[in-house]
Amino acid sequence: MSAVPEKPTLDNVESKWIESWDQNGTYAFDRSATRANVFAVDTPPPTVSGSLHMGHVFSYTHTDTVARFWRMRGKSVFYPMGWDDNGLPTERRVQNYFGVSCDPSVAYVANFQPPFRGDPPKDHRAVPVSRPNFIELCEELTAQDEKIFEDLFRRLGLSVDWSLLYTTIEDRSRRTSQRAFLRNLARNEAYTQEAPTLWDVDFRTAVAQAELEDRDRPGAYHTLAFHKSDGSGDILIDTTRPELLAACVALIAHPDDPRYQPMFGKMVRTPLFNVEVPVVAHPLAQIDKGTGIAMCCTFGDLTDVIWWRELQLPMRPIISRDGRIVADAPNGLTDVAGLAHYATLVGKSAKQAQTAIAEMLTTSGEMIGATRPITHPVKFYEKGDRPLEIVTSRQWYIRNGGRDVALRDALLARGAGLAWHPDHMRHRYSNWVEGLNGDWLVSRQRWFGVPVPVWYPLDADGETLHDSPLVPDESRLPIDPSTDAPVGYTEDQRGKPGGFIGDPDVMDTWATSSLTPQIASRWEDDNSVFDQVFPFDVRPQGHDIIRTWLFATMVRSHFEHNSAPWANATLSGWILDPDRKKMSKSKGNVVTPLDLFDQYGSDAVRYWAVSARPGVDTAFSEDQMKVGRKLATKLLNVTKFVLGFGDADESVAPTEPIDIAMLHRLAGVVDETTAAFEAFDYARVLERTESFFWWFCDDYV
RNA sequence: GGGCGCGUAGCUCAGUUGGCAGAGCGCUACCAUGACAUGGUAGAGGUCCCGGGUUCGAGCCCCGUCGCGCCCACCA
């Protein structure tokens, strides 16, 4: 029994096994297995924009225990890893790390050296670099980060087949992403449209409904006097955004509101700008809010968009894509004094413009009384710092049921057909799908992402023909329309009348990560793998991204394969700090996983992770890790003691009642834990096994 | 406003067709040489949030209240 250590110790056990697993291909996926004998995991690719934290350690351990279980059951386990390195988080990290910013108008510099590698001083002004240089820096930094990620996950002991590793920016992922998009386009599941969309003025990109969050912000009601055109007096409206006054296109009240019914169809003049706008009725106006009549601007909020569309109001945008008041006064503003007022606002941010216009309104006597401070929810991009504006722009959309009841019902049925663990998470999905108010906006005005793979012809006048995009053959993918030319054109026709231009946008990160099953399984690149694993057995992920990642993956699979992408979804909980608050970097209470591995050992950290029931938010507890370490030591010691009796004669059936009783009890534990693992309840498995182990040590041994 | 989860020992939590209230940590006392002191033995500690109902019997099922948390909607 050379396996019995002389002095039981946990020292070096991790490095020894990491090396052994790697050399022996212990976790290599068996390419000869049939689908029936495969267990496939759609592993979440962590975002490469910083570091892995305890939340990753926690949830990835859960999945690993399930993967190991199925491997023990004889399945060939398809357990890939991926790095989600395309997209905004990486861009932001690259800007902060190297002290640069992307400027597509700058020329490429070979062998460019960034001003800093880590921690630029606070007063450093970002150096503008070309898009290709910026992407090189993205690739350099993500490669560094990914090495650190891989080391950490290996140290944690994940039984991943590292030969299946993918990144979401690599050629194969871009090819998969573009292929899926082109097929959506060919089937009319993707379309382009010029429309008002929510817009982040700092990132200067459109954002999707799924990426919004509300934040409570201080605001103030300003009461403004509009003047009836027939000279019979004023109408007072309350607004929190007086800076949009020049963008006002109508006043709107509820059709049943007797106070304003006499005014419907009549005209009023705006304060300061003296622009004539109609008073109209619409049921979305709330009788009990403010003065009961609202000003509709293009655009202050999503209700304005609805009013503008349904009441066919004119467009008078005054907010530019960088969030400042545009230079050109809107249509209809012709009054000399009004133009003078407008000129003082040009170039100001929304906030500055609000202050300025409030002063002007006070001076003109058209603001009634003092402002009344309120706190109200304002829409933000979840990664953004300033409120979203609404600007009109051309964007790409993928249908998701937000504007189509039949499709929505089909996607609801897909969700209902999934096995959710824990089961109540299914409500998050149906709740979200039922509340969709538009299609999925997938284009982003950014750089480090998968390009929208189309070009547009230019007519004889150089106008872009958006409705007849030129698409590449799938065999050419991946392409970059900003450097590749469409078939039938040459590069020197780019931007010329009668020539072509490339679509300038990239796709949202989710538009690529929604294809992780297809990427990991080499869909269309090697369909023998795809056929072996699809639909996958399980998608493990956080419950906070049901509306994004899970739903988007469902949409793509529904369209492409007429199938759900997996049979099960497991949703992990959050790690809470001991004060029951969600752990966050800003609170400075994040513990690094490596420190804990060093202090307690990977197994002890895994023990803590597995003690939490599926889907339950769990307190971070070093005490549990101490317990785990003691348990591991005890396991070694009892093993040494038992094996010290020498080899058992396996041909002899046990006859002692105490042995038979122990084996009987063990068989019961095996049955129960098998059932628990089949239901993804690793925590029950641990509890039952540990409980048996203590009984085994205390009473049997 | 709509949806979901949670509330059990000081702490973190189990409690699986309703059947003697549990574990770990912490606390108290004792135990020192042959698997294990990273351990062992013993012990204290409970209004199972509250109110009502069903039942022979409720931590568990039903109705309601309160508290905590999350998701969505609400932006004049």
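Residue numbers begin at 1 in each chain, while the letters A, B, ... track the order of the sequences. Source: prediction; values computed, not measured.
- For B/C75, the OP1/OP2 oxygens have a side-chain nitrogen or oxygen of A/Thr303 closer than 4.0 Å.
- In this structure, of B/C75, B/A14, B/G40, it is B/A14 that holds the atom nearest to the side chain of A/Val616.
- Of the candidate nucleotides B/U38, B/G40, B/C4, B/G40 has the atom lying nearest to any side-chain atom of A/Lys634.
- When Watson-Crick and G-U wobble pairs are counted only if both distances are under 3.5 Å, B/U17 pairs with no nucleotide at all.
- Between B/C36 and A/Lys640, no contact under 4.0 Å exists linking OP1 or OP2 to a side-chain N or O.
- Phosphate proximity of B/U38 to A/Gln599: absent, as no side-chain N or O sits under 4.0 Å from OP1 or OP2.
- Remark: A/Arg547 is not in phosphate contact with B/C71, judged by side-chain N or O atoms under 4.0 Å from OP1 or OP2.
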Given salt bridge (Lys or Arg N to Asp or Glu O under 4.0 Å), test A/Arg428 with A/Asp544 step by step and report yes or no.
CA-CA 9 Å; A/Arg428 301 274 181 105; A/Asp544 54 324; over 6 Å; no
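- Using a 4.0 Å heavy-atom distance criterion, A/Thr240 is classed as a sugar-phosphate-only contact.
- Remark: B/G43 base-pairs with B/C27; criterion is Watson-Crick or G-U wobble with both hydrogen-bond distances under 3.5 Å.
- Two residues, A/Arg241 and A/Asp623, neighbour RNA chain B, and the one matched to the more 5' nucleotide by heavy-atom proximity is A/Asp623.
- Among the nucleotides B/C25, B/C75, B/G15, the one closest to the side chain of A/Arg613 is B/G15.
- Of all nucleotides listed (B/G2, B/C25, B/A35), B/C25 comes nearest to the side chain of A/Val627.
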Test side chain to side chain donor-acceptor pair (under 3.5 Å) on A/Thr291 and A/Thr223 and set out the steps.
CA-CA 9 Å; A/Thr291 59; A/Thr223 303; over 6 Å; no
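- Judged by distance alone with a 3.5 Å cut-off, a donor-acceptor contact links the side chain of A/Asp214 to the base of B/C74.
- The side chain of A/His424 has B/C4 as its nearest neighbour among B/C36, B/U16, B/C4.
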